[in-house]
Structures are given as C-alpha cells and as structure tokens.
Amino acid sequence: MPLGVLVILLLLAGNLRGVRAAGNLFVLPTYAFVAAVLGLLVVGYLRAAGRGFAPVAPPVVPATQGLGLLLVLRAFASGAVSMTGIEAVSNAVPAFRTPEWRNARTTLAWMVAMLVVLFAGLTLLIHLAGLVPRPGETLLSQLARLTFPTGPWYAVVQAATALILLLAANTAFNDFPRLLFFMARAGHAPRRFLHLGDRLAFGNGLVALAGTAVVVFVAFGGHTEKLIPLYAVGVFLAFTLSQSGMVVHWRRHRGGGWQRRALVNGVGAILSGLVLLTAAVAKFTEGAWVVVVAVPLLVLLFDRIHRHYRTLHAALALRPPSPDPAPPAVVCGPAAGPPERAAAPADRPVEGGELPQELRHLVVVPVVRLNRASMRALAYAVSLGRPTLAVHLAPEDAEADRFREQWRAWGDHVRLETIVSPYRAVVGPLAHYLEALQAAAPELVLTVVVPEVVLRRPGHRLLHSRTGQRLRRALRALPGVVVTTVPVHVVE
C-alpha cells in the first residue's frame, strides 16, 4: 500500500509539470515494456518452431465449475477489460499537435495494432508452451521464466511489466482533469476546474483525482482483485453510454452511410452493455457495488451543481433598461486618458505623512462578464467620483472582441481595457497589470473594486473561487493598492 500511494503522488508530481514533461517522463517505461514483450515473443516462437510448433501438453487442472453461459460471459468480460486503455486517445485529441485529429488517429491505429500483436501473440505462445494459471505467479511471469531460464532477461521482463502496470494509472491523469474541464464549462462541475496552469496542466483536477485515488486505494487495501471490479463497471458504463450516444447521433444527422455507422456503434453498445451487466452482477459483492451506488450519487451531485449555476446565472442576468433611462454619470470615457500627476505641495510633512488632498485615485473594476454583479461594482466605483477603469480578462482575442462589442452595446460608459490571458488565469495577469499601472504613476492610489457573490448555503460556496481574497493576497506587497469587494446577495 505505501508503494501504491507513492506511485500516485509521483504521477501527480509528473503531470503537474505539464503535458509534454509528463509524456517525456512516462514514455521510456512504455517503450521498455513493448521491446521486452516483443523480444519474449520472438525467442518463444523461435523455440516453438524448433519443435514444429507442437503444443506442449499442459498439466491436468481439476474442473471447479461447469462450462456454462455465466462462465463464458465472465471470461468474455475479463478479456474485454484487459483490452481497455486505447480509448484514452479520444479524450486527449486536443493535446496532440496540429492537425490534432490526424495525429490522434495515427496514434490510435498504432496502439490497436500493438494491442492485437501483443495480446494474440502472448495467448498463442502460452498455449504452445502448455502453461496454465497457478496461484502466486502470473502467466506472463511463467512464460518469461520458461523462455529465459538464464541471464538477466527474465528480470528485465518483470521490471518492465511492473513499471507499465504502475504507470497505467497515468491514463486517468491525462484524461480525467480534461473531462472535469468540459463538465465545469457546461456547469456540471465546480468552475475552479476551468483553470489551466502556466504549464498547460489542469492542476485542480489533477489534485482532486490524486486525492480520490489515494482514498479509494487505501480503502480497498491496495488489492488488485478488489479494485478491478470498480474499474470494469465504470469503464464499460462509459463505453455503453458513448456507443449508444453515437447511435443517437447518426440517427439525428443521417449523413451518408449513417446506417452502417449506426450498426457498428449499436453492436459496440450491445457488447459493452453485456460486459457491464456481467461485471456488475458477477462482481457485485466483491466491490462492484461501490460503482453501482456511487455513479447515481455522482449524477445527482452534478445535477445539483448545474442547478445551482443555472439559478445563479438567472439571478445575476441583466435586465433590459427602461425606455427612457437616465444618462449615467460618465467619469472616465473611452477617449479619456489617465489622470494627470499631481504636483507635490510645498507643505508636505517632513515625516513623510500624506494629506488627504494629496491622494489621487484611480478605481479599477475587473469585469469577467456582464451581469448584475459586475454592474453593481461599476455603479459603486463610478459613484465615488473618481476616474474609473474597467478591465476584462479574455482567454483569446476572439473572446476579447466579443466582449468589446457587448460593452459598446451596453453603453460604453466607462473606459475599458482588455487583457488576453490564454491560460484562463485571472489573479496573476490582473496583478501584473495593476503593478504596471502603479509603477507608471506611483502617486496614484489604485482602488480595485471586485464584485462578490454572497451565498447563503455553505455547500454552494465551495463551487466558487474567492477571487477577491486571492487578489488581495497577490497585491498585499504593492503600496498604494486597495482591494475592496461589493457584495451581491443571491436568494436561492
């Protein structure tokens, strides 16, 4: 168990370094395993050819169960589970180089080819060698010991197998944080999972996955036979849903050859559903019940999160202005420049104290999106009677252009500056921008007005990042910067 927890922490540390660094770190064990097994197959088949490919008689194994339908289904389910993993490419398409779809398709083709060669080659070679399962040693270990009776090659095969099994968990670290990003973008997961670090890694999703993995691993004592049912039920539930969804997709769009494509996905849905049902029933008492119970609870949790965000969006939505709205006070228009520097008065105290009339203010309002919270913060800032500047952080230029169009349509009452932050970070780029403003005009007092949504339920507060507190911590070392929050109470 300590070794397993250590491997999870190592996977977390490697993936936090970024996609490219994690790929370079984990690629060598993969190549070592493929090379070791291919060498095992070549030597094994050469020895089998020396005896005319005549299979060795296996030892007598007493029957413990009759050959019935349930046994066949369990064998099919176990074999299907052992062939999973290549589907991870479909979730990681955005991480490939351009053109992403072509490189992902090429990678998937190579993975399928290697899977077929290794899996079928090992199965046939085990049959020719007359090996049968026995307690305490895997079939691959038996085959390697028989093929390499002397020399270091048996240890090489075992070491490569151990490494590839330990690093197989990295598939989840590659895809699950990205899945959380998609769910958070759709409003079914906390929005803190939208953040992409400066190393292009979804750090919050990686930490959440590692923490959950450690809890599950320790709860089941690190026993493989107890953990595999959880994996089998979960992965084939996803396969069944995705294949069924593709059938619905083809029926809706009805493009060229849609019947053939729908048939392929329909067969995949039936086979995946068969494995799912077999694994859930046969392994229910051995640990599969956890997934059977957890999945509906997770779906309910995601639905409640989505309902909360939907209620919040409706509560913060902008209302249409009245037919004859009163013109707002324009404090700092689009063409206005920065405030002029004030000359230091002659009677400045020797001790370096500041008089109230010496203070020159610039109010900065970060605006993520146009809603009631941002409008209330802007109204509060303008009411102070000081030059006001709105700052919008956009993940890309197209989003910045769309926001400027919305800003002009709403009235363009306050000067707007846009900052492109491709990593979807807010606090860091905004802090750098304010630091540059403060360095350009040290005599200015920058008042940063941040809207804050106040929620009554403590559980809902976990779904929101506290930007005001994070920004206050980031700007604490800068003199002349004040961060204040404008609360917006939402009744749920």
Side-chain angles (χ1 to χ4, degrees), residues 29-89 107-165 167-168 171 224-225 228 231-232 235-236 239 267-268 271-272 274-275 278-279 282:
T30 305
Y31 289 156
F33 174 76
V34 173
V37 176
L38 287 178
L40 175 66
L41 292 176
V42 170
V43 176
Y45 278 107
L46 287 177
R47 294 191 175 184
R51 61 177 185 270
F53 291 102
V56 177
V60 178
V61 180
T64 59
Q65 182 178 348
L67 183 60
L69 178 60
L70 180 59
L71 182 60
V72 174
L73 291 177
R74 290 175 60 185
F76 174 69
S78 299
V81 170
S82 66
M83 300 183 70
T84 60
I86 60 174
E87 75 283 348
V89 177
T107 303
L108 182 61
W110 275 101
M111 292 180 65
V112 171
M114 286 191 298
L115 174 62
V116 172
V117 170
L118 298 181
F119 195 80
L122 287 173
T123 303
L124 180 58
L125 188 57
I126 289 171
H127 170 70
L128 293 176
L131 300 176
V132 295
R134 66 187 185 191
E137 188 175 9
T138 64
L139 280 171
L140 184 58
S141 174
Q142 296 181 48
L143 182 61
R145 191 186 300 275
L146 181 65
T147 307
F148 303 115
T150 59
W153 303 112
Y154 169 76
V156 171
V157 173
Q158 288 296 91
T161 305
L163 283 176
I164 199 66
L165 288 175
L167 296 181
T171 302
T224 306
E225 63 273 10
I228 283 182
Y231 171 77
V235 73
F236 277 94
F239 290 171
V267 173
L271 295 178
S272 299
L274 184 63
V275 175
T278 303

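What you are looking at is a predicted structure, and each value in this text was computed from that prediction instead of being measured. Positions are given from 1 along the sequence.
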Notebook entry, point to check: Mind checking what makes side-chain contact (heavy atoms from CB on, under 4.5 Å) contact with Ala282, not counting sequence neighbours?
Noted result: Arg74
Checklist line | Non-hydrogen atoms of Gly66 and Leu71 that approach each other most closely | finding: O-CD2, 3.7 Å
Could you list the donor-acceptor pairs under 3.5 angstrom formed by side chains in residues 34-51, with sequence neighbours left out?
residue, atom, partner, partner atom, Å
Tyr45, OH, Gly121, O, 2.9
Arg47, NH1, Leu146, O, 3.4
Arg47, NH1, Thr147, O, 2.9
Arg47, NH2, Thr147, O, 3.1
Arg51, NE, Ala54, O, 3.0
Arg51, NH2, Leu128, O, 3.0

Next item on the list: State the CZ-CG distance between Phe119 and Leu124, to the nearest 0.5 angstrom.
Entry: 12.5 Å
Next item on the list: Taking side-chain contact (heavy atoms from CB on, under 4.5 Å) as the test, write out the residues that go with Val267, two or more places apart.
Entry: Leu263, Leu271
Notebook entry, point to check: Can you list every salt bridge (Lys or Arg N to Asp or Glu O under 4.0 Å) pair that touches residues 116-132, not counting sequence neighbours?
Noted result: none
Item checked: salt bridge (Lys or Arg N to Asp or Glu O under 4.0 Å): pairs with one or both residues in residues 52-69, sequence neighbours excluded -> none
Note to self: For a quick test of reading the model, state the closest non-hydrogen atom pair linking Pro59 to Gly130 and the distance between them.
What the structure shows: CD-O, 3.5 Å
Checklist line | Partner set under ring pair (Phe, Tyr, Trp, His ring centres under 6.0 Å) for Tyr231, not counting sequence neighbours | finding: none
Check: Which residue pairs satisfy the side chain to side chain donor-acceptor pair (under 3.5 Å) criterion with at least one member in residues 110-136, sequence neighbours excluded?
Finding: Arg134-Glu137
Check: Rounded to the nearest 0.5 Å, how far apart are CZ of Phe236 and CG of Leu274?
Finding: 10.0 Å
Check: Quick one: side-chain contact (heavy atoms from CB on, under 4.5 Å) partners of Val72, sequence neighbours excluded?
Finding: Leu67
Let me check something: any side-chain donor-acceptor pairs from residues 153-163 under 3.5 Å, sequence neighbours excluded? List them with distances.
residue, atom, partner, partner atom, Å
Tyr154, OH, Ser141, OG, 2.7
Tyr154, OH, Arg145, NH2, 2.8
Thr161, OG1, Val157, O, 2.7

Note to self: Minimum heavy-atom separation for Val132 and Pro58, please, with both atom names.
What the structure shows: CG1-CB, 3.9 Å
Next item on the list: Calculate, to the nearest 0.5 Å, the distance between atoms CG and CG belonging to Leu143 and Leu125 respectively.
Entry: 4.5 Å
Notebook entry, point to check: CG of Leu122 to CG of Leu131: how many Å apart, nearest 0.5 Å?
Noted result: 11.0 Å
Margin query: Tell me the closest heavy-atom pair linking Thr278 and Ala77, and the distance in Å.
Written below: CG2-CB, 4.1 Å
